[in-house]
Amino acid sequence: MSLRVYNTLTREKETFQPLEPGKVSMYLCGPTVYKPAHIGHMVGPVIFDTVKRFLQYVGYDVTFVINITDVDDKLINKAHELGMTVKALAEQMTEDYFDNLRLMGVDSVDKFPYATDHIGDMLEMIQRLVDNGHAYPLDGDVYFSVTADDDYGKLSHRSVEQMLAGTRVEANNRKKNPADFALWKSSKADEPAWESPWGPGRPGWHIECSAMSSKLLGDSIDIHGGGLDLMFPHHENELAQSESASGKCFVRYWMHNGLMQSGKNTGKVGGQHDKHGDTSAEDQIAGKLAGSAGAESVKTAVFAHQHPEAVRFFLLSTHYRSPIDFSLENIANTAKGLEGIYRMFETVERICGTCPYSIEVPTSGENTTDLSALPAETAAELTALRGRFLDAMNDDFNTGGAIGNLFEMRKCINGFIAHNKLDQQATAEQKAGLLAAITLFRELGQLVGVFRKPIEKTTAADDGLVGGLMDLILELRADARKEKNWAAADKIRDQLKALNITVEDVKDGPARWQRG
RNA sequence: GGUACCGUAGCCAAGUGGCCUAAGGCGAUGGAUUGCAAAUCCAUUAUUUCGUGGGUUCAAAUCCCACCGGUACCUCCA
């Protein structure tokens with residue numbers, strides 16, 4: 001089965017075929033770094049990180065770029081408000097963004113270009129547009145002329161007339177057409193400014209992505225991603241600028257992810273770019289989560305409640321084009337499912353003596369895990385599940401469908417353990433088979449970017465003291481159980497439960513414990 | 001007003017013309033296991049059903065129409 005991708009431009013799933021065989025260029029619109037990243041900012045990066053992982057798995061050499069918008073009206077206003085320089089605020093917020101990406105396991109991005117590092121490239125592109133009649137200067141500004149572009153509107157599927165029909169505000173009547181948009185804006189005093197042929201100013205709102213993607217990935221790129229909210233006007237304008245400047249097809253596959261919504265509020269909390277739109281809804285979310293007003297970083301707002309891996313898994317458990325209902329309850333639900341997988345890892349480690357996380361995992365479908373050590377029937381079942389997992393991914397990156405197969409694999413592996421009573425006794429061959437099974441599981445898990453490293457060990461003590469005390473207590477309880485002193489054993493377990501520590505007995509081994 | 005999107009079990013969610021007498025997770029119920037639990041395994045959990053009503057088709061959750069309900073976007077200088 002070959003990869004099919006839904007292209008917003010054609011509104012159809014198309015067979016994926018990159019411009020250059022074996023290579024894929026991918027650009028994702030990144031954030032305007034004027035405030036801490038919120039959970040919605042994580043949606044795009046997580047999805048496209050997953051897209052890259054899968055493309056690599058099926059053999060492509062992928063270059064993945066996310067831009068950082070570090071000059072923009074919002075940024076300027078916010079910096080003024082805080083009494084900071086634009087640069088300092090941008091740097092601080094970029095760090096926060098990176099922190100959160102790290103926690104979410106987004107580490108496949110090859111380059112994060114900054115808008116301010118590419119002003120020259122933007123000016124070049126603007127000049128080209130002015131020269132070829134697609135743009136015109138006006139009092140220190142430069143506007144893109146939508147009427148000079150005959151297929152303007154093809155991405156969002158609307159005509160200039162339609163767009164103007166709903167315009168609430170009387171547009172600038174100096175422009176040739178009210179729908180014309182700024183490529184370059186003359187700057188007021190006290191605003192960041194760069195020299196240009198049209199006077200000091202700063203770039204318009206869309207030109208950076210056009211200039212940077214062209215500079216870093218070429219005039220024609222394979223995949224351009226972003227939130228659905230960016231389709232218009234941002235991507236439409238990017239498309240118009242780029243194609244008018246280069247005369248080439250700008251993007252082969254436009255991929256737009258659904259936005260995150262919050263239950264009843266259903267306000268938008270998740271564009272990637274924050275190019276426009278008010279922020280009240282997302283502030284509400286952040287405020288609700290953080291228990292205080294004002295936007296909080298994802299780290300404090302969400303990760304304080306749920307492990308980032310659970311959040312990532314949650315984001316990928318629904319289709320990327322659908323809106324996601326964000327709620328801590330939903331993520332907690334996902335987390336419970338994950339817990340069963342972590343338990344399986346622990347069980348495998350206990351049986352095989354090998355930590356599943358330390359296993360080297362194939363990252364290419366070419367050399368997938370060898371399952372020959374397993375009984376034929378089990379191997380066949382796992383192979384079939386792997387096939388269905390890949391089929392789902394090949395069908396427009398259906399991570400939700402793929403993940404279902406991961407859980408079936410869990411059931412299959414746990415069944416293999418239970419039916420053969422491996423937790424009591426396992427032959428070398430059975431251990432090898434079990435390890436192979438868990439390797440395949442991790443091979444697929446890695447594709448959606450999870451199970452790559454152990455989450456904080458639930459049994460890990462905060463300090464030596466708790467660990468030592470727990471060892472002691474559980475030893476005493478084990479002695480009590482040996483003497484069939486159930487009253488004492490149960491009392492210990494119940495009392496620990498009251499302290500939010502769960503104890504579970506393990507056959508032929510020390511009891512397992514964890515907080516919660 | 002214009003342009004799109006969504007509505008599948010108690011909850012989350014995949015499936016978008018026949019392999020659907022609809023994946024998977026959470027939850028629930030029964031059984032195995034356990035000193036009792038937990039975990040795990042086995043089984044059951046939408047049964048003319050996929051918002052409602054029509055239609056197309058040999059065949060629809062999947063296509064078309066209407067309706068109901070929910071959502072997003074319609075600019076950059078106001």
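The basis for the numbers below is simple: all heavy atoms, side chains too, and nothing from hydrogens, waters or symmetry mates. Here is how names work: the chains are called A, B, and so on, in the same order as the sequence lines, proteins then strands, and each is numbered from 1.
- Here the side chain of A/Asn414 is nearest to one of B/G15, B/U40, B/C42, namely B/U40.
- The nucleotide whose nearest atom lies closest to any side-chain atom of A/Ser322 is, among B/A38, B/U40, B/A14, B/A14.
- Remark: A/Glu14 does not engage A/Arg4 in a salt bridge, criterion side-chain N to carboxylate O under 4.0 Å.
- Taking only side-chain atoms of A/Asp490, from C-beta outward, the nucleotide of B/A38, B/G25, B/C36 with the closest atom is B/C36.
- Side-chain nitrogen and oxygen atoms of A/Lys175 include none within less than 4.0 Å of the OP1 or OP2 phosphate oxygen of B/C76.
- B/U71 atom C1' lies 15 Å from atom CE of A/Met260, rounded to whole Å.
- Here the side chain of A/Phe407 is nearest to one of B/C36, B/A38, B/G25, namely B/G25.
- Contacts of A/Val506 with the nucleic acid, taken as non-hydrogen atoms under 4.0 Å apart, are absent.
- In this model, a side-chain donor or acceptor of A/Asp505 finds a partner on the base of B/C36 within 3.5 Å.
- The existence of a salt bridge linking A/Arg386 and A/Glu381 is excluded, since no basic side-chain nitrogen approaches an acidic carboxylate oxygen closer than 4.0 Å.
- Residue-level contact check: A/Arg410 touches the backbone only, with heavy atoms under 4.0 Å from sugar-phosphate atoms and none from bases.
- For A/Ile413 and B/A39, the CD1 to C1' distance is 17 Å, given to the nearest whole Å.
- Summary of the strand contacts: A/Thr347 and A/Ser317 both lie near RNA chain B, and taking for each the nucleotide with the nearest heavy atom, the more 5' one is attributed to A/Ser317.
- In this structure, of B/C77, B/G24, B/A38, it is B/C77 that holds the atom nearest to the side chain of A/Lys188.
- When rounded to the nearest whole Å, the span between CD1 of A/Ile324 and P of B/C5 equals 19 Å.
- Comparing B/C74, B/C41, B/G35 by their nearest atom to the side chain of A/Trp486 picks out B/G35.
- Ion pairing between A/Asp505 and A/Arg481 holds under the 4.0 Å rule for side-chain N and carboxylate O.
- Nucleic acid contact class of A/Lys484 (heavy atoms, under 4.0 Å, all strands): none.
- Counting atom types as modelled, A/Asn398 pairs no side-chain N or O with a base atom of B/G15 as donor and acceptor under 3.5 Å.
- When each of B/U75, B/G35, B/C12 is scored by its nearest atom to the side-chain atoms of A/Ala489, the top-ranked nucleotide is B/G35.
- Considering only the side chain of A/Arg343, B/U40 comes nearest among B/U40, B/G35, B/G25.
- Between B/C68 and B/G24, the distance separating the two P atoms is 37 Å to the nearest Å.
- When the side-chain nitrogen and oxygen atoms of A/Tyr143 are compared with OP1 and OP2 of B/C77, one or more of them lie within a distance under 4.0 Å.
- You'll find that the side chain of A/Phe181 is closest to B/U75, out of B/G24, B/C42, B/U75.
- On the C1' atoms, B/A28 is 41 Å away from B/C73, given to the nearest whole Å.
- Distance A/His256 NE2 to B/A72 C1': 13 Å, rounded to the nearest Å.
- Under the 4.0 Å criterion applied to side-chain N and carboxylate O atoms, A/Asp151 and A/Lys154 are assigned as salt-bridge partners.
- A/Ile126 places its CD1 atom 19 Å from the P atom of B/C76, with the value rounded to the nearest Å.
- Between the side chain of A/Arg493 and the base of B/C36 there is at least one donor-acceptor pair of N/O atoms closer than 3.5 Å.
- Comparing atom distances between the A/Thr318 side chain and each of B/C42, B/A4, B/A14 picks out B/A14 as nearest.
- A cation-pi contact, defined as under 6.0 Å to the ring centre and within 45° of the axis, links A/Arg321 to A/Tyr6.
- Figure legend: cation-pi geometry between A/Lys176 and A/Tyr136, with NZ or CZ positioned under 6.0 Å from the six-membered ring centre and within 45° of its axis.
- Within the nucleic acid shown, A/Arg481 comes within 4.0 Å of at least one base atom, counting heavy atoms only.
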Derivation and outcome, side-chain contact (heavy atoms from CB on, under 4.5 Å), residues A/Phe397 and A/Met255:
CA-CA 11 Å; A/Phe397 308 103; A/Met255 290 177 64; 3.7 Å; yes

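- Look at B/A72: its Watson-Crick or wobble partner, with both distances under 3.5 angstrom, is B/U3.
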